[in-house]
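Keep in mind the model is a prediction, meaning the values are calculated, not measured.
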Amino acid sequence: QWMTKKINLPCKGDGGNKSIKKEADTITFETSGTCTFTGFSFTGGSGTPYYPPGFSNKTPSDGVGASVSYSYDGTPIPQGGYPFEYTTTTPMLGNGSGTIKNG
């Protein structure tokens, strides 16, 4: 049974550290509703889009919209987490970044 782990990111920016379980899941990043993403991506690697180990199927692939989801296969995430960055339709409030970790 596939669940969807929703991770809410503030339109004002700075998503902070988010935790997911070490289990296969669909991970959905979404905004707090007053804005939409103009971009979302994991950083620190090559490829467009860049996928950290264990992540695949970025939807939508351009990271634009109310939510962005990835398939996650449960591969352990290193202690430091995987960094991500995002931009929104309210850039005057600040675009955001954060990390995703196991927890």
Q) Is a donor on one side and an acceptor on the other found under 3.5 Å between the side chain of Asp25 and the backbone of Gly74? A) no

**Q.** Side chains of Lys101 and Asn17 in contact at under 4.5 Å (non-hydrogen atoms)
**A.** yes

Q | Distance (rounded to the nearest 0.5 Å) between Ser41 OG and Tyr51 OH | A | 11.5 Å

**Q.** Separation of Ile7 CD1 from Thr28 OG1 (nearest 0.5 Å)
**A.** 8.5 Å

Q.
When you compare the side chain of Thr88 with that of Leu9, does any pair of heavy atoms fall below 4.5 Å?
A. no

Q) Rounded to the nearest 0.5 Å, how far apart are OG of Ser97 and OH of Tyr86? A) 7.5 Å

Q: Output all residues satisfying side chain to side chain contact (heavy atoms under 4.5 Å, CB included) with Lys21, sequence neighbours left out; order by chain, then residue number.
A: Glu23

Q | Ring-ring centroid check Tyr70 Phe42, cutoff 6.0 Å | A | yes

Q. Which distance, rounded to the nearest 0.5 Å, do you find between the NZ of Lys5 and the OG of Ser69?
A. 15.0 Å

Q | Rounded distance [0.5 Å steps], OG1 in Thr26 versus NZ in Lys6 | A | 9.5 Å

Q) Quick one: does Tyr72's side chain get under 4.5 Å of Ile77's, heavy atoms only? A) yes

Q) Does any N or O in the side chain of Asn8 come within less than 3.5 Å of the main-chain N or O of Thr31, such that one atom is a donor and the other an acceptor? A) yes

Listing, residues 53-66 side-chain donor-acceptor contacts under 3.5 Å, not counting sequence neighbours, or none:
residue, atom, partner, partner atom, Å
Asn57, ND2, Ser71, OG, 3.2
Lys58, NZ, Phe40, O, 2.5
Thr59, OG1, Asn57, O, 3.1
Asp62, OD1, Val64, N, 3.0

Q. Do Thr89 side-chain atoms and Cys35 backbone N/O form a donor-acceptor pair below 3.5 Å?
A. no

Q. Where do Tyr82 and Pro76 come nearest, in terms of heavy atoms and distance?
A. OH-O, 4.3 Å

**Q.** Nearest-0.5 Å distance, CZ of residue Phe84 to NZ of residue Lys18
**A.** 7.0 Å

